[in-house]
There are 2 protein chains.
Amino acid sequence: MTTSFNINEFIYDFKNCCNKVQKKSFNRGQTITSYIRNRNQFCILVSGNADLVRYDLNGNRTIIEHFSESDIFGEVFYSITTNNELLVEAKSKCEVLIYNYQDIHHKCNKGCKFHEILSEYLPELILNKITDLNMRIELLTKRTTRDKLLGYFNLLSTKALNKTFEIPFSLTDLADYLSVDRSAMMRELKLLKDENFIKKDSKKITLLYK
Amino acid sequence: MTTSFNINEFIYDFKNCCNKVQKKSFNRGQTITSYIRNRNQFCILVSGNADLVRYDLNGNRTIIEHFSESDIFGEVFYSITTNNELLVEAKSKCEVLIYNYQDIHHKCNKGCKFHEILSEYLPELILNKITDLNMRIELLTKRTTRDKLLGYFNLLSTKALNKTFEIPFSLTDLADYLSVDRSAMMRELKLLKDENFIKKDSKKITLLYK
DNA sequence: TATTTTTTGTTGCAAAAGCAACAAATATGT
DNA sequence: ACATATTTGTTGCTTTTGCAACAAAAAATA
């Protein structure tokens with residue numbers, strides 16, 4: 001997420017916040033939370049990486065969203081109408097703050113610094129979340145695996161301000177993120193290399209067109 | 001969008017708002033706005049229906065979002081990284097309020113009723129937008145045309161609290177919305193009928209499974 | 001460090017989706 | 001009400017994608 005807000009600048013103070021806030025730690029592979037029914041749960045990722053994933057009835061895994069430091073997530077952003085299980089899984093060691101959204105999105109008058117800062121930045125965090133989701137939709141609506149790959153690479157290149165960049169997760173995960181079959185994606189990556197659209201050195205990609 | 005907020009309950013008062021607000025009318029087929037660069041444009045649809053559409057280089061049209069009464073949209077929710085044109089097109093006669101986001105999302109102290117109501121409801125509107133976008137992502141990440149159709153029908157059925165419901169746009173648009181080829185979608189619809197998953201009478205669909 | 005697990009790269013074959021084209025039915029505008 | 005434009009329904013053919021399976025490489029863990 002591209003925001004000036006960095007949770008770690010004030011995290012030291014979170015315990016003095018008037019609201020019930022839990023700070024929890026998770027190891028790689030653990031489930032941080034599952035979206036079951038609206039409990040107004042609102043989370044902030046303090047450190048680590050995590051994915052919101054869905055497993056469907058055919059065993060397909062889809063990475064719905066990818067979270068890194070200072071990203072927000074939680075059931076409060078979902079109205080569950082799906083039959084499928086939605087899980088937030090830790091991809092590395094994670095620290096997470098867990099709030100109830102009702103408690104946090106209004107300014108309080110108890111003068112707790114952490115609460116004040118959070119509610120000040122909340123609109124910006126939420127706006128950023130919307131732009132992220134819109135970019136995600138842009139990607140997912142691309143018709144072919146090739147367009148999805150190039151679209152995603154463009155995004156990463158723009159972020160990195162460089163034609164060369166690193167794919168932030170495994171190729172297996174990338175396929176789940178773009179919602180395509182892994183072997184079909186590998187085939188397409190090979191074609192993109194052969195046709196000189198990209199240069200690829202394991203996870204390092206360079207765009208060869210302007 | 002599923003919110004208690006209905007813009008038409010207070011729209012009479014919008015001219016007394018301290019902020020520069022424009023109310024514009026559009027006819028079916030007209031472009032309400034195009035997303036070019038971040039101008040912090042924030043719009044509310046007062047009446048009518050509109051789509052956010054993208055035309056790609058192959059001439060494919062994609063309906064990114066569908067808006068109806070009281071829905072919010074605008075460049076402020078986008079950070080433009082795409083090469084493609086993004087347009088909001090009126091699907092019927094539309095009335096739209098156009099604001100600058102900066103001017104509206106903070107409470108003012110000039111006592112203008114309309115501003116007060118808007119900023120009161122804004123968090124709810126925005127949260128609803130996020131849940132809508134998440135549902136959209138849920139749909140788009142489905143792997144097959146069949147799953148997209150059934151996923152979307154489930155959603156409509158849930159909204160309507162009924163196994164029978166009406167598709168809110170043309171089948172041509174539905175294909176553009178689900179990001180699939182129209183003829184392939186028609187084929188799949190026929191199969192769903194033949195296999196007794198659904199009953200279909202033009203735009204009226206009934207789900208035949210529980 | 002050795003062992004186990006996960007990821008990467010690849011392929012042949014099957015299934016699904018896209019493309020193009022057309023007639024018939026509807027809807028729209030004048 | 002008429003003429004025009006759009007949508008619907010359909011199909012044959014082509015291309016793309018998905019599935020299954022496997023060996024090699026890399027990463028994680030005991």
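Within every chain, numbering begins at 1; the chains are lettered A, B, ... in the order of the sequence lines, protein sequences first and strands thereafter.
- Residue A/Thr172 places none of its side-chain N or O atoms closer than 4.0 Å to OP1 or OP2 of C/dT6.
- Straight-line distance from the CG atom of B/Asn27 to the P atom of C/dG29: 9 Å, rounded to whole Å.
- Residue A/Phe169 is the one, among B/Arg146 and A/Phe169, whose nearest nucleotide of DNA chain C lies closer to the 5' end (criterion: closest heavy atom).
- Contact annotation: B/Ser183 does not reach the phosphate of C/dG18 (side-chain N/O to OP1 or OP2, under 4.0 Å).
- B/Lys24 has no carboxylate O lying under 4.0 Å from a charged side-chain N of B/Glu95, or vice versa, which leaves the two without a salt bridge.
- Of the two residues contacting DNA chain D, namely B/Ser202 and A/Arg143, the nearest-nucleotide position lying further toward the 5' end is that of B/Ser202.
- Checked against the 6.0 Å centroid threshold, A/Phe169 and A/His66 count as a close aromatic pair.
- B/Thr144 comes within 4.0 angstrom of sugar-phosphate atoms only, judged by non-hydrogen atoms across all strands, and of no base.
- Atoms CG (B/Leu174) and C1' (D/dT7) sit 13 Å apart, rounded to a whole Å.
- Looking at heavy-atom distances under 4.0 Å, A/Lys148 makes no contact with the nucleic acid at all.
- Side chain B/Arg28 to base C/dG29: no donor-acceptor pair is found below 3.5 Å.
- Going from atom CG of B/Asp176 over to atom P of D/dT8 covers 11 Å, rounded to whole Å.
- In this structure, B/Gln30 places its CD atom 12 Å from P of C/dG29, rounding to the nearest Å.
- Atom P of nucleotide C/dA16 and atom CZ of B/Arg182 are separated by 21 Å, given to the nearest angstrom.
- Note: CG (A/Asp181) to P (C/dT10) measures 15 Å, nearest angstrom.
- Classification of B/Arg61 and B/Asp173 as a salt-bridged pair holds, one side-chain N sitting under 4.0 Å from a carboxylate O.
- Between the P atom of D/dT17 and the NZ atom of A/Lys190 lies a distance of 16 Å, rounded to the nearest Å.
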Q. Is there a side-chain contact (heavy atoms from CB on, under 4.5 Å) between A/Arg146 and A/Glu195 once you walk through the steps?
A. CA-CA 12 Å; A/Arg146 168 165 297 206; A/Glu195 293 172 30; 3.0 Å; yes
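- Between the side chains of B/Thr141 and A/Ser179, no donor-acceptor pair of N or O atoms lies under 3.5 Å.
- Residue-level contact check: B/Lys193 touches neither bases nor backbone, having no heavy atom under 4.0 Å from any strand.
- As a whole-Å value, the separation of B/Ile205 CD1 from D/dT8 P is 11 Å.
- Heavy atoms of B/Arg187 sit under 4.0 angstrom from at least one base atom.
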